[in-house]
J.: 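One structure coming up, written as C-alpha cells, with questions to follow.
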Amino acid sequence: MRGGNPLLGTIRVSGAKNAALPAMAAALLTEEPVILENIPQVQDIETTRKLLAAMGAEVELGYGRAHHRTTLCCRDLIAPEASYELVKTMRASTLVLGPLVARMGRARVSLPGGCAIGARPIDLHIKGLEKLGATIEQEHGYVLAHAKRLRGGEIFFDKITVTGTEDLLMAACLAEGETLMHNCAREPEVADLAALLNKMGAKIEGAGTATIRIQGVEKLHGARHRIIPDRIEAGTFIIAAVLTGGDLNVAGCEPRHLQALLQKLEDVGVKLMPAVDAVRVIGNGELKASDIITEEYPGFPTDMQAQYMALATQASGSSVITENIFENRFMHAQELVRMGADIKVEGRRAIVRGKTPLSAAAVQASDLRASASLVLAALVADGETIIDRVYHIDRGYERIEEKLRGVGAQMRRIGQLFPKRAAATVATV
Ligand code: EPZ
C-alpha cells in the first residue's frame with residue numbers, strides 16, 4: 001500500500017459477517033431450504049459452508065454481481081459435529097451447538113480454545129443449554145451435548161455474550177414450553193437472527209433488548225431473509241475517509257447501528273452527513289483527541305477499537321482507549337508504533353499521543369480488526385507499507401483492496417485471494 005491519497009466517491013458496504021454466520025447456523029433448525037441474501041464474500045462464510053456440508057447439509061453459495069446468496073438445506077443431517085480442524089479456524093463455529101441439540105438431540109462440537117484476542121470460553125453457552133435440559137460432557141477437547149427434547153427455562157447470562165445469546169435463542173425455538181433469557185446481547189445481529197427465526201415460524205419477542213422471551217414450537221419451516229449491512233465494515237471505511245482527508249459516501253449501511261461511533265467522531269471534529277442508508281464523510285478538519293471505552297452494544301464496539309486507535313494517532317492530544325470486552329486486543333498497537341505512532345499499553349488501557357506522522361513499514365496482521373487498523377494506517381503513512389498475513393483481513397472484509405482502490409487508495413494484493421492454506425492454522429477470532 002502507498003499512503004497519501006484522499007478517498008473520494010462512493011464505497012458500498014457488504015452484508016454483516018456476524019449476522020450471516022448465525023443465520024447460516026439457523027438453517028440447521030429445519031429440514032426445509034433457507035435462502036439468505038446479501039451474504040458477504042468472506043472467508044468465514046466459506047468456513048461455515050464447509051462446516052455445515054460436513055454435517056450433510058447442502059449449501060449453495062453464489063456471488064454473482066446481482067446477488068450474494070446462499071441456499072441451505074439441512075434435511076439429511078448425518079453427523080451433528082463441528083471438528084477441531086474447522087472450529088480452531090473460526091470460533092463462531094460454536095453457533096451450531098444450540099441448533100444441533102435442538103434439532104438432532106445431540107451435538108459434538110470442538111471447544112474453540114483460545115485465539116489471538118483472548119481466551120474465548122463458551123461456558124455461558126454450556127450453562128444455558130443445561131438450563132434447557134441438555135446433558136453436557138467434555139472430553140478430548142470436545143463438548144458432547146444431548147437432550148431427548150430441550151425444555152423451556154429461565155436463563156440469566158452472567159456476562160453479556162453475543163454468540164451465547166444467539167446460540168441459546170436458536171436452541172430455545174424448538175424447546176418445549178417458554179424460555180426467558182435475561183442480560184442478553186442487544187447487538188443488531190441478534191435482532192436480525194430473531195427476524196429470520198420468526199420468518200421460519202419461531203415465536204420470539206424482545207430480541208435486541210436485554211430480555212428475550214421465546215415460545216418453543218414443534219417444527220420450523222424454510223424462509224428467505226436479507227442479511228443486514230456490516231456496521232463494522234461501514235465504520236472502518238468511515239475512519240478511512242477521515243484519515244485520508246477524503247470525501248466519501250459509505251453506501252448501503254445502517255447509520256442507526258453506528259450511533260456510538262458517529263457520536264465519537266463528531267466529538268473528534270469529523271463532519272458527517274448520515275442519510276437513510278448511507279453516511280457521507282468529509283475528512284478535512286483537524287482531529288481532536290477523545291477517549292473511548294469499549295462496551296457491549298449500544299456502547300462503542302470492541303470491533304472498532306483497533307480502527308479508532310489508528311485514527312487517534314492523527315488526533316492532537318492524548319486519547320485513552322479502554323478495552324473492556326477482550327483481554328488481549330491491543331496487538332495492533334506495537335505495529336502502529338513501528339510506523340511511528342506514540343502508544344503506551346498498560347493492561348486494558350492504551351494511551352495514544354498524537355498527532356504523529358506515520359511512516360511506511362513492513363507490518364504483520366494478527367487478527368481481523370488489527371489488520372484493518374494497519375490498512376487504515378497505511379492509507380496515510382508516508383511511503384509503501386507491506387502488510388503480511390492479510391488472510392486475517394479476508395475473514396471479515398469482502399474484496400477490500402478492490403473496494404478501497406475504487407475510491408482512490410493505492411493498494412494491491414501480492415499473492416492470490418483465499419490461497420489454499422497449508423496445515424498452518426489461521427488464528428481464530
Ligand atoms: C462476537 O463474538 C463477535 N463475533 C465478535 O466479533 C465480537 O468482537 C464480540 O461478539 C463482542 O462484540 C461474532 O458475532 C461471530 P462474546 P463472541 O461472547 O460472541 C466472554 C469480529 O471481529 N464470554 O460477546 O465470541 C468473552 O470471553 C469478531 O468480527 C465468556 O466469558 O463474543 C468476552 O470477554 C471478533 N463466556 C465477552 O464474554 C462465554 O461463554 C464477550 O464475548 C462467552 C463469552
Side-chain angles (χ1 to χ4, degrees), residues 14-26 40 42-45 47-48 51 87 89-98 109 111-131 136 138 143 155-170 183-193 227-228 230-236 257 260-261 294-307 323-329 331-332 348 365-373 392-398 426-429:
S14 298
K17 160 179 91 80
N18 290 350
L21 297 179
M24 290 176 80
V42 297
Q43 185 62 38
D44 278 5
I45 297 297
T47 304
T48 305
L51 181 68
V87 173
T89 63
M90 184 186 71
R91 71 173 299 290
S93 311
T94 49
L95 278 165
V96 302
L97 184 58
V109 173
L111 280 161
C115 79
I117 61 177
R120 314 300 297 277
I122 58 166
D123 56 307
L124 302 178
H125 299 232
I126 290 167
K127 262 173 73 178
L129 279 172
E130 286 172 334
K131 270 273 190 279
I136 310 256
Q138 296 190 19
V143 171
I155 295 171
F156 287 81
F157 286 104
D158 305 348
K159 283 179 86 169
I160 293 174
T161 160
V162 176
T163 51
T165 300
E166 293 165 345
D167 213 356
L168 291 157
L169 177 61
M170 291 188 276
N183 198 27
C184 297
R186 295 184 279 166
E187 270 69 3
E189 292 77 25
V190 174
D192 197 43
L193 172 64
I227 299 294
I228 53 171
D230 194 315
R231 59 194 167 94
I232 305 301
E233 184 191 22
T236 305
H257 291 162
L261 174 72
T294 64
E295 286 170 335
E296 296 85 359
Y297 193 89
F300 191 95
T302 174
D303 291 351
M304 283 301 305
Q305 178 258 105
Q307 299 90 314
E323 171 56 62
N324 276 335
I325 306 293
F326 291 111
E327 61 270 26
N328 183 31
R329 202 170 198 177
M331 281 160 301
H332 42 286
R348 291 227 169 197
S366 54
D367 65 81
L368 171 54
R369 306 304 172 181
S371 6
S373 82
H392 288 292
I393 208 158
D394 296 328
R395 294 191 49 185
Y397 289 89
E398 174 174 336
V426 168
T428 59
V429 172

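All ligand and atom numbering here is 1-based and tracks the order in the structure. Numbers for residues simply follow the sequence, beginning at 1. The structure displayed is predicted, hence computed values, not measured ones.
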J.: Does even one non-hydrogen atom of Lys17 get within less than 4.0 Å of ligand 1?
T.: yes
J.: Output the list of atoms in ligand 1 that are nearer than 4.0 Å to some heavy atom of Thr302, sorted by atom number.
T.: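 Once the distances to Thr302 are compared, the set is 8 (O), 11 (C), 12 (O).
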J.: Got Leu193 and Met170 here, is their nearest side-chain heavy-atom distance under 4.5 Å?
T.: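 The answer is yes, as the side chains (C-beta and beyond) meet within the 4.5 Å cut-off.
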J.: Using a plain distance cutoff, I'd like to know if Leu124 has any nitrogen or oxygen under 3.5 Å from a nitrogen or oxygen of ligand 1.
T.: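 Yes, since at least one N or O of Leu124 sits under 3.5 Å from an N or O of ligand 1.
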J.: Quick one: CD1 on Ile160 to OH on Tyr297, what's the gap to the nearest 0.5 Å?
T.: 13.5 Å
J.: Which option wins on minimum heavy-atom distance to atom 20 (C) of ligand 1: Lys159, Glu323, Glu187?
T.: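 Considering heavy atoms of Lys159, Glu323, Glu187, the nearest to atom 20 (C) of ligand 1 sits in Lys159.
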J.: Hey, is ligand 1 close enough to Asp123 that some N/O pair sits below 3.5 Å?
T.: yes
J.: When you look at Ile45 and Leu21, which way does the side-chain contact (heavy atoms from CB on, under 4.5 Å) test go after all the steps?
T.: CA-CA 7 Å; Ile45 297 297; Leu21 297 179; 3.8 Å; yes
J.: Looking at ligand 1, does Pro121 have a heavy atom less than 4.0 Å from it?
T.: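 Under 4.0 Å: yes for Pro121.
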J.: For ligand 1, is there an N or O atom under 3.5 Å from any N or O atom of Glu327?
T.: no
J.: Let me confirm one number: the NZ-CD1 distance from Lys127 to Ile136, rounded to the nearest 0.5 Å.
T.: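 Reported value, rounded in 0.5 Å steps: 13.0 Å.
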J.: Any side-chain heavy atom of Glu166 within less than 4.5 Å of one from Thr161?
T.: no
J.: I want to confirm something. Looking only at heavy atoms, which of Val162, Asp367, Asp303 is nearest to atom 6 (O) of ligand 1?
T.: Asp303
J.: I'd like to know if Arg231 and Glu189 make a salt bridge, using a cut-off of under 4.0 Å between side-chain N and carboxylate O.
T.: yes
J.: Which of the atoms in ligand 1, numbered in the order shown and given with their element, are less than 4.0 Å from a heavy-atom of Arg329?
T.: 8 (O), 22 (O), 35 (C)
J.: Between the main-chain N or O of Glu323 and the side-chain N or O of Glu327, is there a donor-acceptor pair closer than 3.5 Å?
T.: no
J.: Out of all atoms in ligand 1, which are within 4.0 Å of some heavy atom of Ile122? Include the element for each.
T.: 39 (C), 40 (O)
J.: Against heavy atoms of His125, which atoms of ligand 1 measure under 4.0 Å?
T.: 40 (O)
J.: Would Leu368 count as being in polar contact with ligand 1, using the rule that some N or O on each side must be under 3.5 angstrom apart?
T.: no
J.: Just distances here: any N/O of Leu95 and N/O of ligand 1 closer than 3.5 Å?
T.: no
J.: Between ligand 1 and Glu166, is the shortest N or O to N or O distance under 3.5 Å?
T.: no
J.: Taking heavy atoms and a distance under 4.0 Å, where does Arg369 meet ligand 1: side chain, backbone, both or neither?
T.: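 Near ligand 1, Arg369 shows its side chain, while the N, CA, C and O stay back.
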J.: Taking only heavy atoms of Ala92, which atoms of ligand 1 are found under 4.0 Å from at least one of them?
T.: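 Reading through ligand 1 atom by atom, the close ones are 15 (C).
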J.: Looking only at atom types and distance, does a side-chain atom of Arg395 sit under 3.5 Å from a main-chain N or O of Asp44, one as donor and one as acceptor?
T.: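 No, because the side chain of Arg395 does not come within donor-acceptor range (under 3.5 Å) of the backbone of Asp44.
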J.: Return the set of residues passing ring-ring contact (aromatic ring centres under 6.0 Å, His included) with Tyr397 (not counting sequence neighbours), or none when no residue passes.
T.: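 Expected list: none.
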J.: Please check: side-chain N/O of Glu233 versus main-chain N/O of Ser14, any donor-acceptor pairing under 3.5 Å?
T.: yes
J.: With Gln305, which of Arg369, Arg329, His332 fulfils side-chain hydrogen bond (donor to acceptor under 3.5 Å, both in side chains)?
T.: His332
J.: With the threshold set at under 4.0 angstrom, would you say Glu295 reaches ligand 1 through any of its heavy atoms?
T.: no
J.: List every atom of ligand 1 that sits less than 4.0 Å from any heavy atom of Ile325, numbering the atoms from 1 in the order shown and giving each element.
T.: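 What qualifies from ligand 1 is 33 (C), 34 (O), 41 (C).
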